[in-house]
Amino acid sequence: MASLDTKIVELQQQVEAQIEQQMRMIDGITDYNQWKVIDAFQRKQVSDFHFAGSTGYAYNDRGREVLDEVYADVFGAEAALVRPHFASGTHTIATALFGVLRPGDELLYITGKPYDTLHKVIGSPEDGTGSLRDFGIGYRETALLADGSVDWDAVKGNITASTKVIGIQRSRGYDWRSSFCIDEIADMVRRVKAIKEDVIVFVDNCYGEFTEKREPTEVGVDLMAGSLIKNPGGGLAETGGYICGKEKYVQLAAYRLTAPGIGGEVGAMLGTTRGIYQGLYMAPTIVGQAIKGSTFAAAMFAASGFVTKPAWNETRTDLIQAVQFSSAEHLIAFVQGIQRAAAVDSHVVPEPWDMPGYEHPVIMAAGTFIQGGSLELSADAPIREPYIGYMQGGLTYSHVKYGVLMALQTMKDRKLL
Ligand SMILES: *Cc1c(COP(=O)(O)O)cnc(C)c1O
């Protein structure tokens, strides 16, 4: 084990005492959500035979059907589509949007620019890629106000006769803003429906699942999507995504994933079923571990002189911890330090690279069992001013602590602290 500077160890002890109250609060949310998930399994009478795989068309795969019902129950939704066939979060979100939008319709994002990988899904007119714009689907967005809240005057001005879907991104993504908690999302639903009753409110729920006691679909959101290699996969799901919400919209998304008329009736699970079920079962507790880790990280980096978002004592609605560093060297030391603490691939040194779908070079620490799995401890940073590093996940709180300590130790070794 790498030896840690005594100052860093002292700071750790001080910070752990400081955040004790937060830890108890996180335990309360974990218990609530863990019991909620178990209750859903019980109501749907999940049994061993549901975990068996399926092949070919996989008609009547009972495990897959019940899995959809369990997800819908947990998320308070009419229906759900949970599949390993979703290749990523972006694919899942794109499937939901293409499912409900038609040529001439408009999508309006009211929480500012969406996550980087969605820009190419939205696309530009006649870009030839099969983007939304390429199919004649319009796009608008309203930037957030300086205080991070929704610009309602701009939203009112941007909702037109063509506005079909309102997009909300719960998590901060790679932006230095606050994430939107469930109460705020509930308020957004009320306000947009007061302006135009029949809009479909869509939430990109990536990183948000199980961080609070309620989910967006429990407060009036019509359609929602997320990734199984993030929160709801519990670190065990090997791939996939989920879409849930109103039955008619989930059905349309299913037609887009497979084919119109076929939808969710087919799709071999290929041995992924048990991992997806068990991952959902684990998810509330693992998310709790990760949130504890983020809280510790915020307190440690703040005590070391950096600005963090959220602060250690703020309530959380996603996994992401943003830290603003003073230089690119600090940012790189942070990411490389997290990698040094990994159980997998600790011997590799991450470097910035031009990752497909991202607009700036990105450096990523990811010593994970599931490639890119970001409920596992991982850190990313686009190399651009003002040098903000994002960390998320951690299957165990203890591992996140180790990562944060190694990040600070790496800075110390390089005379950056
Ligand atoms: C991760 C993420 C996505 C995209 O998911 P990928 O699996 O990276 O394609 C979209 N939106 C948000 C807010 C995310 O955190």
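In listed order, ligands and their atoms are each counted from 1.
- Near Y207, meaning under 4.0 Å from one of its heavy atoms, ligand 1 places the atoms 15 (O).
- Checking only distances, G89 does come within under 3.5 Å of ligand 1, N or O to N or O.
- For ligand 1 and I93, the ligand atoms under 4.0 Å from any heavy atom of the residue are 10 (C).
- Ring geometry for Y71 against F75 counts as perpendicular: the plane angle is over 60°, on a 0 to 90° scale with 30° as the lower cut.
- Annotation for ligand 1: atoms under 4.0 Å from non-hydrogen atoms of T90 are 4 (C), 5 (O), 6 (P), 9 (O).
- The residues E106 and R140 are annotated as salt-bridged, a charged nitrogen and a carboxylate oxygen being separated by less than 4.0 angstrom.
- Using a non-hydrogen distance threshold of 4.0 Å, K230 registers as a contact of ligand 1.
- Using a 4.0 Å cut-off to heavy atoms of Q169, the atoms of ligand 1 that qualify are 13 (C).
- Nearest protein heavy-atom neighbour of atom 13 (C) of ligand 1: D204 OD2, 3.4 Å.
- Using a 4.0 Å cut-off between a side-chain N of Lys or Arg and a carboxylate O of Asp or Glu, D27 and R24 qualify as a salt bridge.
- Cation-pi contact between K401 and Y397: present, with separation from the ring centre below 6.0 Å and deviation from the ring axis of at most 45°.
- Considering backbone and side-chain atoms alike, S227 places every N or O at 3.5 Å or more from each N or O of ligand 1.
- Remark: of the listed residues E218, E215, E209, E218 is the sole one forming a salt bridge (Lys or Arg N to Asp or Glu O under 4.0 Å) with K36.
- Checking N158 against T142 by side-chain atom types alone, no donor-acceptor pair falls below 3.5 Å.
- No N or O atom of T117 sits closer than 3.5 Å to an N or O atom of ligand 1.
- The closest side-chain donor-acceptor pair between R64 and S54, if any, does not fall under 3.5 angstrom.
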